[in-house]
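Scroll down for the structure; my scribbles are underneath it.
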Amino acid sequence: MNYHTRKWVKPEDLNPNQSLFGGRLLQWIDEEAALYAVIQLENKKIVTKFISEINFVSSAKQGDIIEIGIEVTKFGSTSLTLACQVRNKMTHQTIITVDRIVMVNLDEDGNPAPHGKTQVEFVKDRLKPKDEL
Ligand SMILES: CC(=O)SCCNC(=O)CCNC(=O)[C@H](O)C(C)(C)COP(=O)(O)OP(=O)(O)OC[C@H]1O[C@@H](n2cnc3c(N)ncnc32)[C@H](O)[C@@H]1OP(=O)(O)O
């Protein structure tokens, strides 16, 4: 699991019970999954197709720093399946887990299109001149 994004829980992210609103957390996760898929598949036309069971393990409160982890669990033909875990940055206490997030690669017309990827790639490797790879 790679933790790329950190968030600082602010007053506008809270529910009426003063803990992190679950809908806000899901919004952050969906955006993180989309960004991850766009970068991996090198295509800006990506949609979220399916999100599996969501387990709200513990809550976060105002001022907490949380981090969002994403891991690829499957490269499909047009899809990329991800797992997600969000944890407290300082204590590593798990806040939420999502077993499966299926992102679909689309063509110009919005139809599913094969992405041709089979393994995780790193942008730094793509930027290296070919003779260094
Ligand atoms: C980041 C965002 O905000 S995106 C906004 C929210 N999302 C959307 O608006 C998406 C709306 N949905 C759609 O446009 C359509 O459902 C599409 C284009 C994504 C997919 O259309 P479909 O007719 O289901 O396509 P299709 O049957 O070819 O499936 C595409 C891929 O999704 C997978 N898939 C489809 N349904 C499911 C499902 N219920 N669960 C898991 N995977 C699924 C398929 O296995 C396939 O993957 P593969 O090619 O790797 O085997």
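Both counts, for ligands and for their atoms, begin at 1 and track the order of listing. Values reported hereafter were calculated over all heavy atoms of this structure, with side chains retained and with hydrogens, waters and symmetry mates removed. The chain is numbered in sequence order, starting from 1.
The closest side-chain heavy-atom distance from Arg126 to Glu42 is below 4.5 Å. Residues Lys61 and Asp64 form a side-chain contact, since some pair of their non-hydrogen atoms from C-beta on lies under 4.5 Å apart. Side-chain contact between Ile95 and Arg87 is absent, with no heavy atoms from C-beta onward closer than 4.5 Å.
Using bins of under 30°, 30° to 60° and over 60° for the plane-to-plane angle, the ring pair Phe75/His115 lands in the perpendicular bin.
What sits closest to atom 28 (O) of ligand 1 on the protein, heavy atoms only, is Pro112 CG, 3.7 Å. In terms of protein heavy-atom proximity, atom 39 (N) of ligand 1 is closest to Phe50 CD1, 3.7 Å. Counting only heavy atoms of the protein, atom 34 (N) of ligand 1 lies nearest to Lys49 CG, 4.0 Å. What sits closest to atom 51 (O) of ligand 1 on the protein, heavy atoms only, is Ser77 N, 4.3 Å. The protein heavy atom nearest to atom 31 (C) of ligand 1 is Thr78 OG1, 3.3 Å. The protein atom (non-hydrogen) at minimum distance from atom 14 (O) of ligand 1 is Val47 CG2, 4.8 Å.
Here the side chain of Ser58 pairs a donor or acceptor atom with the backbone of Thr94 at under 3.5 angstrom. Listed for the Asn43 side chain is a donor-acceptor partner under 3.5 Å among the backbone atoms of Leu106. Judged by distance alone, with hydrogens and angles left aside, the side-chain atoms of Thr73 form a donor-acceptor pair with the main-chain N or O of Thr81 at under 3.5 Å. The closest donor-acceptor contact from the side chain of Asn105 to the backbone of Ala113 lies under 3.5 Å. Remark: the backbone N or O of Asn17 is paired with a side-chain donor or acceptor of Asn15 at under 3.5 angstrom.
Ligand 1 places these atoms under 4.0 Å from at least one heavy atom of Val102: 41 (C), 42 (N). For ligand 1, the atoms closer than 4.0 angstrom to any heavy atom of Leu106 are 18 (C). Near Val104, with a cut-off below 4.0 Å to any heavy atom, the atoms of ligand 1 are 31 (C), 32 (O). Set against the non-hydrogen atoms of Asp30, the atoms of ligand 1 under 4.0 Å away are 3 (O).
Taking a distance limit of 4.0 Å, we find that atom 24 (O) of ligand 1 is approached by some protein heavy atom. Distance check for atom 36 (N) of ligand 1: a protein heavy atom is found below 4.0 Å. Under the 4.0 angstrom criterion, atom 4 (S) of ligand 1 counts as having a protein heavy-atom contact. Distance check on atom 12 (N) of ligand 1: every protein heavy atom falls at or beyond the 4.0 Å cut-off. For atom 44 (C) of ligand 1, the protein comes within 4.0 Å by no heavy atom at all. Closer than 4.0 Å to atom 1 (C) of ligand 1 lies at least one heavy atom of the protein.
The pair Lys10-Asp13 does not meet the salt-bridge criterion, since no charged nitrogen lies less than 4.0 angstrom from a carboxylate oxygen.
Proximity of Thr48 to ligand 1, defined as any heavy-atom pair under 4.0 Å, is shared by backbone and side chain alike.
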### Task
Step by step, work out the side-chain contact (heavy atoms from CB on, under 4.5 Å) result for Gln40 and Leu80.
CA-CA 9 Å; Gln40 278 303 315; Leu80 179 69; 4.2 Å; yes

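Atom 47 (O) of ligand 1 has its nearest heavy-atom neighbour, among Ser79, Gly76, Ala34, Ala37, in Ser79.
The shortest N or O to N or O distance between Arg100 and ligand 1 is not under 3.5 Å.
Shown here is Glu31, whose CD atom has no more than 12 heavy atoms of other residues, nucleotides or ligands within 6.0 Å.
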